[in-house]
Amino acid sequence: MSALNLDDFAHLIERPDGGARRDAEERRQRLAVPPGALGRLDDLGEWLAAAQQRVPVRPIERPRAVLFAGDHGVASLDVSGRRAGTTKDLVQDVLDGASPAAVLARRAGVPVRVVDIAVDCDPAELPEEVTRHRVRRGSGRIDIEDALTPEETERAFRAGMAVADEEADAGTDLVALGDLSVGGTTPASALIAALCGTDASVVTGRGGAGLDDLAWMRKCAAIRDALRRARPVLGDQLELLAATGGADLAAITGFLLQSAVRRTPVILDGVVSAACALVAQRVAFRAPDWWLAGQVSGEPAQSKALDRIALNPLLDHGVTAGEGTGSLLALPLVQAAAALAADLPVRD
């Protein structure tokens with residue numbers, strides 16, 4: 001793509017291989033384990049066969065956690081359980097191995113990549129490999145202004161595409177996606193409300209930290225105000241991301257679409273990745289065939305988005321930490337499905 005034309009994705013993204021899926025279903029009937037005994041693991045194994053275009057499935061050997069990071073101006077309204085402008089601390093916790101996602105990834109032997117798209121700090125405070133795709137310091141306050149300029153939106157979207165290409169070229173065979181942000185659930189909820197045609201109160205959640213009633217009302221009002229600016233640009237996904245998204249959300253959307261182009265399966269995390277997936281579905285209707293929903297986050301907007309995309313979360317454990325924990329918790333389940341599909345013997 002020499003020029004960014006979102007219509008190209010609809011032509012470039014193909015569905016996972018239906019023939020391979022049928023072959024995997026036929027092979028499953030010949031396993032010694034009775035059909036249905038492995039429940040949803042059978043479906044996951046067949047999905048992986050279609051994605052890999054291979055029967056039997058290859059085990060998942062090179063997964064990677066990819067976390068996009070950015071601050072949001074709307075966090076200054078106290079709509080988050082964390083102080084505005086502190087995404088850098090979340091990033092540093094991951095780099096130090098002190099976040100839940102970092103612990104899960106370390107235990108599973110999964111490398112973690114953090115991509116700073118719009119963290120509100122001096123780039124010198126973070127490693128260069130983290131900041132090299134940065135677009136700006138923080139995104140605009142979406143209740144009163146656009147999150148990004150058109151040029152910044154395209155840069156962020158292309159940055160996500162570049163990360164997807166880098167992962168595919170490196171041989172990553174499954175991505176556990178996540179985000180690191182303070183205030184990110186507010187633009188995510190605004191995007192979902194706009195695309196689902198619903199009111200702010202229906203999508204406004206209390207976040208992982210559990211907002212009190214006053215904070216919830218502030219968040220609801222911010223989403224309501226953002227919706228007034230989102231609805232006129234619903235026909236243009238880049239304009240929508242610029243108006244009521246953010247640099248990290250634009251990057252995740254580009255990442256999801258380009259990962260589908262490159263046939264890289266992705267496990268979604270919480271409401272932010274669900275919002276980006278909903279935007280991406282508007283761009284290319286076949287793209288969701290390459291994604292799994294990791295777990296229920298407790299955010300009503302996530303449930304709305306996943307229902308619209310027709311993705312059923314793999315887990316529901318009441319974990320609301322976000323930051324990639326949901327996708328990483330689901331990863332062993334997908335690895336188990338691959339291992340069973342690859343290694344269980346067939347009957348003679």
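Computed from a predicted model, the values in this text were never measured in an experiment.
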So, [X] side chain and [Y] main chain: donor-acceptor pair closer than 3.5 Å or not?
X    : Y    : value
E166 : M161 : no
R347 : Q29  : yes
D96  : A98  : no
S297 : E299 : yes
T172 : L174 : no
D71  : D120 : yes
T87  : V182 : yes
D143 : A222 : no
S327 : L177 : yes
D116 : A118 : yes

As an exercise, state the distance from [atom1] of [X] to [atom2] of [Y], rounded to the nearest 0.5 Å.
X    : Y    : atom1 : atom2 : result
Q52  : R58  : CD    : CZ    : 4.5 Å
F68  : D179 : CZ    : CG    : 10.5 Å
R132 : L126 : CZ    : CG    : 14.5 Å
R158 : H133 : CZ    : NE2   : 13.5 Å
R286 : R15  : CZ    : CZ    : 6.5 Å
D213 : R218 : CG    : CZ    : 10.5 Å

Check whether [X] and [Y] end up in the same hydrophobic cluster, where Ile, Leu, Val, Met, Phe, Trp and Tyr are linked by side-chain heavy atoms less than 4.5 Å apart.
X    : Y    : answer
L268 : L195 : yes
I60  : L104 : yes
L311 : V272 : yes
L249 : L238 : yes
V266 : L12  : yes

Can you tell me if [atom1] on [X] sees more than 12 non-hydrogen neighbours from other groups inside 6.0 Å?
X    : atom1 : result
K304 : NZ    : no
R83  : CZ    : no
E14  : CD    : no

side-chain contact (heavy atoms from CB on, under 4.5 Å) evaluation trace for L77 with V74: CA-CA 6 Å; L77 299 175; V74 73; 3.9 Å; yes

Kindly indicate, with the supporting measurements, whether the criterion side chain to side chain donor-acceptor pair (under 3.5 Å) is fulfilled by D199 and S201. CA-CA 6 Å; D199 294 330; S201 61; 5.2 Å; no

Under 4.5 Å between any side-chain heavy atoms of [X] and [Y], yes or no?
X    : Y    : value
L257 : F157 : yes
R308 : Q281 : yes
I13  : W290 : yes
V66  : V114 : no
I252 : L256 : yes
L314 : V334 : yes
D248 : V135 : no
L292 : L44  : yes

On a heavy-atom basis, which atom in [X] and which in [Y] lie closest, and how many Å separate them?
X    : Y    : result
V79  : L211 : O-CD1, 3.4 Å
T204 : C220 : OG1-CA, 3.6 Å
A243 : V233 : CB-CG2, 4.2 Å
P187 : H72  : CG-ND1, 3.6 Å
S139 : A247 : OG-N, 2.9 Å
P63  : P111 : O-CD, 3.5 Å

So does [X] pair up with [Y], basic N to acidic O under 4.0 Å?
X    : Y    : result
R262 : D165 : yes
E26  : R30  : yes
D225 : R228 : yes
R113 : E129 : no
R64  : E167 : yes

Are R229 and T244 close enough, and set up right, to give a side-chain contact (heavy atoms from CB on, under 4.5 Å), and what steps lead you there? CA-CA 7 Å; R229 298 171 43 263; T244 54; 4.1 Å; yes

Between L240 and L234, is a side-chain contact (heavy atoms from CB on, under 4.5 Å) present by the stated rule, with each step listed? CA-CA 6 Å; L240 180 63; L234 279 176; 4.2 Å; yes

Apply salt bridge (charged side-chain N to carboxylate O under 4.0 Å, His left out) to D42 and R28, showing your working. CA-CA 8 Å; D42 283 340; R28 175 66 188 89; 2.5 Å; yes

Begin with the C-alpha distance, continue with both residues' side-chain angles, and end with the deciding distance and a verdict on side-chain contact (heavy atoms from CB on, under 4.5 Å) for T86 and D89. CA-CA 6 Å; T86 57; D89 297 336; 3.7 Å; yes

Is there a salt bridge (charged side-chain N to carboxylate O under 4.0 Å, His left out) between E125 and R134? Walk through the geometry before answering. CA-CA 13 Å; E125 297 180 57; R134 179 187 283 198; over 6 Å; no

For the residue pair K219 and T185, confirm or rule out a side-chain donor-acceptor distance under 3.5 Å.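 Side chains of K219 and T185: pair found under 3.5 Å.
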
